[in-house]
Amino acid sequence: MAVQVGAPAPNFKAQAYFRKSDEFKEITLADYKGKWLYLYFYPMDFTFVCPTEIKAFDDALGEFQDRDCEVLTCSTDSHYVHKGWCDSNADLAGLKH
């Protein structure tokens, strides 16, 4: 299935790490039904540029949520690697969400 701008996103299911609650959860596109969803893709964890961008999204998350938009970040790494990266990186350890 080709993804097109302005077309509905294809359904997905994935394991996610939620920093605020420090837990793993399975998420699907249906979990965000009725909201806008911003998917932020980055190449992989433990890179030097991505923490700055992820921290900026965390700082602005309230502005997204005021517009009924949730933000998900994703890379090719597993949810376990995401947790390890957040736990070992001072910028990411301080995420509010």
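Among residues two or more places apart in sequence or in another chain, the side-chain contact (heavy atoms from CB on, under 4.5 Å) test is passed with Ser75 by Tyr42, Asp45, Asp77, His82. In this structure, the side chain to side chain donor-acceptor pair (under 3.5 Å) partners of Tyr40, at least two apart in sequence or on a different chain, are Glu53. With sequence neighbours left out, the salt bridge (charged side-chain N to carboxylate O under 4.0 Å, His left out) criterion links Asp58 to Lys96. With sequence neighbours excluded, no residue forms a side chain to side chain donor-acceptor pair (under 3.5 Å) with Thr52.
Val71 and Ile54 fall within a single hydrophobic cluster, where Ile, Leu, Val, Met, Phe, Trp and Tyr are joined by side-chain heavy atoms under 4.5 Å apart, directly or via other members. If you chain together hydrophobic residues whose side chains sit under 4.5 Å apart, Phe41 and Leu72 fall into the same group. Linking Ile, Leu, Val, Met, Phe, Trp and Tyr whenever their side-chain heavy atoms come within less than 4.5 Å puts Leu39 and Ile27 in one cluster. Following chains of ILVMFWY side-chain contacts shorter than 4.5 Å, one can reach Leu95 starting from Val81, so the two form part of one hydrophobic cluster. Hydrophobic clustering (ILVMFWY, side-chain heavy atoms < 4.5 Å, transitive): Leu92 and Phe46 are in one cluster.
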Only distances under 3.5 Å count here; give the side-chain donor-acceptor pairs of residues 60-68 to other protein atoms, sequence neighbours excluded, each with its distance to 0.1 Å.
| residue | atom | partner | partner atom | Å |
| --- | --- | --- | --- | --- |
| Gln65 | NE2 | Glu70 | OE1 | 3.4 |
| Arg67 | NH1 | Glu63 | O | 2.7 |

Let me have the donor-acceptor pairs involving side chains of residues 7-17, under 3.5 Å, with sequence neighbours excluded, atom names and distances please.
| residue | atom | partner | partner atom | Å |
| --- | --- | --- | --- | --- |
| Tyr17 | OH | Arg19 | NH1 | 3.0 |
| Tyr17 | OH | Asp22 | OD1 | 2.6 |

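Residues Asn89 and Asp91 come closest through the heavy atom pair OD1-N, 2.9 Å.
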